[in-house]
Structures are given as structure tokens and as C-alpha cells.
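Heads up: the structure comes next, in C-alpha cells.
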Amino acid sequence: MTFKELNISEPILKALVNKKYETPTPIQEQAIPVAISGRDLLGIAQTGTGKTAAFAIPVIQKLNRLQVQGQRRDIKALILTPTRELAIQIDECFKDYAKYTDLRHTVIFGGVNQQSQTDRLKKGVDILIATPGRLLDLIAQKYVTLNSIRHFILDEADRMLDMGFIHDIKRLLPMLPKRKQTLFFSATMPLAIAELSKSILYNPVKVEVTPVSSAVETIEQCLYFVEKPQKKDLLITILKKEQDKSVLVFSRTKHGADKIARILNKKGIGCEAIHGNKAQGARQRALTNFKSGKTRVIIATDIAARGLDIANLEMVINYDLPDMAETYVHRIGRTGRAGNSGTALTFCSHDERMMIKDIQKLTGQKLNTVLTA
Ligand code: AMP
């Protein structure tokens, strides 16, 4: 899939070339067509998935078509986000993606003098990025009106809830026009957020990436550049050092999983392999042993690991890199669940290096290199 195939218009495509984005991320692939179609969207995605572009691109595209030169500017899109840092980041994205359009955008947030913000608002903007408190403030002072909003984006709704902004949002909602498009993003869906989304979205399309519940940010990710023949020794060294941890090792193939299990068992590291060639009973037993702590290490293929729900998994090791960057996020999401910290180690040989680039692109995070071959 390319950005062109998503029917993105020329000025934005040009801006994306500048950013050196080659292909859309999964959330972009799914969300952009929905947002361009005008429907409401419920996006379950965390930071690092490319969600900002997923809402910014359609908004810019739609407003750019609407833009008549010389027309008075009023705020047509509002992006509400919980923190000052996110607000600034989102504004930067709009700056980049709207570079070849005539649209104006600005950002307002609390904790700083409002003068420069109100100066820019007075000149007229099409797109406003705001944190809730300062927005309410500037509305009360009549620097902002929300009557002309066509696109409303609520970003990081779950964090809004954590930070105590729900009340502010509930105050803001009635100030928005009834007829508008709403794009609602949240990394998780606690009940209060699900209810809020229901109350403000009209017949939304739900788009979800990385259904793993944990936030990638809580996982310590380390990268080992190691050639294939040395991987088993590295694995043994690490497992011996981390004696008290339960570890899930990912192998790309069933054969590979069996082989790793044989090598580890020979070295006295109790482990079991689970994959599609093993009977359901054997898989279940292996899992029970792992959960009870009888075996400390389990080696799994991606398919077998799907649906594995192991509480307190402390470490994931990618013995091989997966074929898709998204699989990496699923794999490491097995650790660091429910706010626990977790560690994900990745063994990368020379011919797997390209995948690291894709992974870093998808997660928006750089992997910590621990060992260079
Ligand atoms: P976000 O989840 O919106 O915070 O984006 C995370 C990171 O991914 C940011 O640094 C973006 O610049 C980057 N990014 C977004 N979309 C793409 C893409 N299609 N290709 C490469 N990088 C991207």
C-alpha cells in the first residue's frame, strides 16, 4: 500500500516525500480512508503507531479543498490533546504535512503566557491544537469560538481521563457544533472511555492496531547484533544470568523452536517449545508448566503464542526477527502488561537488519543497542 493509493492529494504527498515516509503505517492505512470519507472514527492506537498523521492528513486534505483564497479564517478543526509536549508535537506534524497548502494552524497550552498564543489566534487560524485547560480559558476570554468546527479530534482519551481532564472535555463538548466529524483516539479502552466514545461518536468505524494491551513505552527494548551461529550461545548466557525470570523466546519457525529447546535442555535450562505441530494437549501442558513456574522458559512461534495470556512475563527474547514490524509489537507486548515493567531483547543478524528500521519506524522508538558484532 502506498500513500498515493490512499487517495492523498498532491500537496500532502509532496510533504510526505520530504519526511521520507515511504509507506503508510497500519493505523494510517486503515484510518485515512475512513476519515477522508467523512465518517466518525474510533481509533485504538498508542503513540508511536503514526496516529498523528492518520488524523492530520485527512483533516488537511479536506480543509485544503474547502479553502477559498482571501476568505476569513475561522477554526475548522480542533485537536484536543492532554499534554503540552503532545500538543507541540502535533503542531509540528501539521506544520510539516500542510507545508504546501495555504492552511494556518496554531497550538495553545497552559503554563506559559498567553499573549503570543492570542496574537496568533487574532490573525485567524484554520486548525487549532489545544490542551483542555487553556482552551477553556481562551474561550472564556472570547479569543476562541468553536462554532465553525467541522473536524474534532480527541487524542489520547485514556490519558485525558488519567490526568483528570474528563470534566473539562465534558464542558467543551456542548460548545461544538452538532454536525461535525469526530475522530477519537485512545491507547486503551477502560469503561469510562468506552462510554465517553459512545456518547460523542456517531456510527463510528473502529480501527485498532496493536491489540496488545500494554504500552510499548513501559518495555525496555534492547538490541543485540549477533550472527546466526552465535545466537544460541548468547541465549544461554542471558538465560543463565537471568535465572529468576520467566522468559518467552520467539522463533520464526517450528523447526527452529524445537532446535532451541533441545539445545537449552542439553545445557540444563528447563524449557519447552510450543508450535502448531504439537498437539493441543501438549501445548496446554507446556503452558501450565510455564505458568506454574515448573518451566521457566518457553519457546514459541508467533502463531502458537497468539492468545497466550501469561501474567507477569518478565522477558521476551526475539531469537529471530519477525517478518513484519507489527508482529514485533505484538511479541513484546507479552511483557510489561498492566503497568508492570518488562524487557524485550532482540537478536539481529546481518540479514535481519532491514527489519529493525521498519520496527523503529512503527514504534517511533529507537532500540537500545547492547551488543555489536
Ligand atoms: P505518532 O504515533 O503519530 O507519534 O508517530 C510516531 C513516529 O512515526 C513519528 O516520529 C512520525 O514522524 C513517524 N511516522 C509517522 N508516519 C510514518 C510513516 N508512514 N513512515 C515513517 N514514519 C512515520
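What's counted below: heavy atoms across the whole structure, side chains too, no hydrogens, waters or symmetry copies. Both counts, for ligands and for their atoms, begin at 1 and track the order of listing.
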Report task. Return a yes/no value for Y97: is any of its N or O atoms, backbone included, closer than 3.5 angstrom to an N or O of ligand 1? Result -> no

Query raised in the report: Can you check whether G50 has an N/O within less than 3.5 Å of an N/O in ligand 1?
Result: yes

Query raised in the report: Backbone N or O of L196 within a donor-acceptor pair of the S199 side chain at under 3.5 Å?
Result: yes

Nearest to [atom], what protein heavy atom do you find, and at what distance?
| atom | result |
| --- | --- |
| atom 16 (N) of ligand 1 | Q28 NE2, 2.7 Å |
| atom 7 (C) of ligand 1 | G364 CA, 4.2 Å |
| atom 8 (O) of ligand 1 | K361 O, 3.8 Å |
| atom 3 (O) of ligand 1 | T52 OG1, 2.6 Å |
| atom 6 (C) of ligand 1 | G48 CA, 3.7 Å |
| atom 13 (C) of ligand 1 | Y21 OH, 3.7 Å |

Query - Residue pair K361 / E22: nearest heavy atoms and the distance that separates them - result: NZ-OE1, 3.9 Å

Query raised in the report: Taking side chain as C-beta onward, heavy atoms only, is L42 less than 4.5 Å from V207?
Result: no

Query raised in the report: Quick one: which ligand 1 atoms are inside 4.0 Å of a heavy atom on T23?
Result: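 Taking each heavy atom of T23 in turn, ligand 1 has 18 (C), 19 (N), 20 (N) under 4.0 Å.
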
Report task. Please test D74 against K76 for salt bridge (Lys or Arg N to Asp or Glu O under 4.0 Å), starting from the C-alpha separation and ending with a verdict. Result -> CA-CA 6 Å; D74 39 25; K76 293 180 267 309; 3.4 Å; yes

**Report entry** Proximity to ligand 1 by part of F55, non-hydrogen separation under 4.0 Å
**Finding:** neither

Query raised in the report: Can we say R252 and D302 salt-bridge, meaning some charged N sits less than 4.0 Å from an Asp/Glu carboxylate O?
Result: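 No, this pair does not count.
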
Report task. Would you kindly check if the NZ (Lys) or CZ (Arg) of R353 is within the cone defined by 45 degrees around the ring axis of F225 and under 6.0 Å from the six-membered ring centre? Result -> yes

Query raised in the report: Is the NZ or CZ atom of K231 both under 6.0 Å from the centre of the six-membered ring of F347 and within 45° of that ring's axis?
Result: no

Query raised in the report: Got a sec, which residues hit ring pair (Phe, Tyr, Trp, His ring centres under 6.0 Å) with F185, two or more places apart in sequence or on another chain?
Result: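 F185 satisfies ring pair (Phe, Tyr, Trp, His ring centres under 6.0 Å) with F55 once adjacent residues are dropped.
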
Query raised in the report: Can you find a non-hydrogen atom of I27 under 4.0 Å from ligand 1?
Result: no

